[in-house]
Amino acid sequence: MSSTVLPAPGKTTTAKAARRGSGQAVRITALVLILAVVLYPLVWMVGTSFKSPEEIVNNIGLIPREFTPSNFSEGWNKFDVAFGRFFVNSAMVAVLTVLGNTLSCLLAAYAFGRLRFRLRGVWFAIMIGTLLLPGHVLIIPQYILFRTLGWVGGDWPYLPLLVPHFLATEAFFVFLMVQFMRGIPRELDEAAVIDGASAYSIFRHVILPLSRPALVTTAIFSFIWTWNDFFRQLVYLSELKDYTAPVALTLFIDSTSESSVGPMFAMSLLSLVPVFLFFVAFQRLLVEGINTSGLKG
């Protein structure tokens with residue numbers, strides 16, 4: 001009769017700890033490599049913003065051989081309008097877009113998610129179907145419509161950029177809020193109705209306070225997407241004083257001004273600061289909103 005020799009308990013524990021430690025080291029190494037790949041373009045842009053025009057062409061390294069901080073002052077004052085004006089324009093468009101999206105999409109989502117009316121499912125399906133349409137397909141009919149209304153090139157050139165957001169045209173955010181509201185127990189509505197609350201009172205005192213995570217998610221994504229938007233703003237803005245930061249950055253690119261490359265990178269770096277600060281300030285709320293607003297699997 002043969003007997004099985006079992007390993008000593010101490011050796012088994014040591015082997016498991018070694019395997020666990022090696023696996024953790026592999027994961028940390030992989031995360032560091034991924035982080036390096038993700039951050040490389042940002043670090044390269046920071047270094048390039050301090051390089052002279054000649055060094056930008058000849059030095060592909062991350063660290064400049066000679067720091068040129070004058071790129072920032074040159075880029076800030078390069079045009080007839082200071083670059084700060086473009087920041088103000090971008091901030092105004094982004095803030096108003098956030099207000100329009102959160103308010104209009106919340107009202108539309110409340111109607112689809114909590115109220116009952118004829119053809120609700122049909123209208124909701126049509127709204128979801130608009131997500132399949134690329135934005136570039138709609139830009140031409142939208143431009144013709146806004147031009148017919150006299151909004152293109154008028155005294156207030158931001159109307160084509162802002163008005164649609166106050167009409168719940170962002171189907172993604174409407175869908176996000178609808179999914180969130182469907183998770184709110186209907187017993188709360190029934191209890192409010194028993195107390196004599198109207199549909200508006202239910203929205204104001206029940207749905208609105210509980211929809212904070214979805215509202216925060218909508219506000220954050222609306223701000224970031226609007227601040228980084230380029231194509232629509234390029235189409236509708238024609239006057240220099242009305243340009244936003246993404247559109248103004250294209251002014252540095254020209255076939256006769258090689259010296260504008262350094263200032264362009266400097267202003268591009270400054271343009272990232274508001275988005276970075278906004279994300280850092282609301283990072284916790286963004287994660288909370290994603291986890292509780294229907295984006296999770």
For this session: Under the side chain to side chain contact (heavy atoms under 4.5 Å, CB included) rule, what do M181 and S211 come out as? Steps first, then yes or no, please.
Result: CA-CA 7 Å; M181 290 182 185; S211 300; 4.0 Å; yes

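- The ring pair (Phe, Tyr, Trp, His ring centres under 6.0 Å) with F265 is formed by just one residue from the set W44, F72, F50; it is W44.
- Atom CG in L31 sits 9.0 Å away from atom CZ in R27 (nearest 0.5 Å).
- In this pair, Y236 and F146 present their aromatic rings perpendicular. The plane angle is above 60°, beyond the 30 to 60° band.
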Exercise. Please walk me through it: do F79 and F252 pass ring-ring contact (aromatic ring centres under 6.0 Å, His included)?
Worked result: CA-CA 10 Å; F79 309 109; F252 290 99; 5.0 Å; yes

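- V137 and F172 are not part of a single hydrophobic cluster, where members link through side-chain heavy atoms under 4.5 Å apart.
- D242 approaches N89 most closely through the heavy-atom pair C-ND2, 3.5 Å.
- Within the 4.5 Å cutoff, the side chain of L103 has no heavy atoms near those of the L99 side chain.
- Each of Y200, F180, F117, F203 was compared with Y110 under the ring pair (Phe, Tyr, Trp, His ring centres under 6.0 Å) criterion, and only F203 meets it.
- A donor-acceptor contact shorter than 3.5 Å links the side chain of N71 to the backbone of K51.
- Annotation: salt bridge (charged side-chain N to carboxylate O under 4.0 Å, His left out) contacts involving residues 101-118, sequence neighbours excluded, comprise R114-D189.
- For the salt bridge (charged side-chain N to carboxylate O under 4.0 Å, His left out) condition, no pair includes a residue of residues 127-140, sequence neighbours left out.
- Among all heavy-atom pairs drawn from L237 and Y243, the shortest one is O-CE1, 3.6 Å.
- A donor-acceptor pair is defined here as one N or O able to donate and one able to accept, closer than 3.5 Å; such a pair exists between the side chain of S104 and the backbone of A168.
- Around CZ of R204, the count of heavy atoms belonging to other residues, nucleotides or ligands within 6.0 Å does not exceed 12.
- Closest approach of T68 and S52 over heavy atoms only: OG1-N, 3.4 Å.
- Counting heavy atoms of neighbouring residues, nucleotides and ligands inside a 6.0 Å radius, atom CG of L277 exceeds 12 of them.
- For the pair L131 and A171, the tightest heavy-atom approach, listed with the atom from each and the gap, is CD2-CB, 3.7 Å.
- Looking at Q179 and R182, their side chains do bring a donor and an acceptor atom within 3.5 Å of each other.
- The one candidate from F223, W227, F221 that meets the ring pair (Phe, Tyr, Trp, His ring centres under 6.0 Å) condition with W225 is F221.
- Using a 4.5 Å heavy-atom threshold, the side chains of W156 and W151 count as separate.
- Heavy-atom neighbours of L208 CG from other residues, nucleotides or ligands within 6.0 Å: above the threshold of 12.
- Side-chain heavy atoms closer than 4.5 Å link hydrophobic residues (I, L, V, M, F, W, Y) into clusters, and following such links, possibly through other members, connects L107 to I184.
- Checking side-chain atoms of R232 against main-chain N and O of P160 turns up a donor-acceptor pair under 3.5 Å.
- Across V95, N228, T226, T244, a single residue satisfies side chain to side chain contact (heavy atoms under 4.5 Å, CB included) together with S90, and that is T244.
- Looking only at side-chain heavy atoms (C-beta outward), T97 and L161 stay at 4.5 Å or farther from each other.
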For this session: Check the pair F86 / F83 against ring-ring contact (aromatic ring centres under 6.0 Å, His included), numbers first and verdict last.
Result: CA-CA 5 Å; F86 306 138; F83 209 88; 5.2 Å; yes

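- Between the side chain of E55 and the backbone N or O of R65 there is at least one donor-acceptor pair closer than 3.5 Å.
- Using a 4.5 Å heavy-atom threshold, the side chains of Q142 and V235 count as separate.
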Problem set entry | Residues F231, I139; criterion side chain to side chain contact (heavy atoms under 4.5 Å, CB included); working and verdict | CA-CA 10 Å; F231 183 71; I139 194 67; 3.9 Å; yes

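- The OG1 atom of T130 lies 9.5 Å from the CD1 atom of I126; values are rounded to the nearest 0.5 Å.
- Looking at heavy atoms from C-beta onward, L215 lies in side-chain contact with M177 at the 4.5 angstrom threshold.
- One side chain, S201 or S198, offers a donor N or O that lies under 3.5 Å from an acceptor on the other.
- Shown here is D80, whose CG atom has no more than 12 heavy atoms of other residues, nucleotides or ligands within 6.0 Å.
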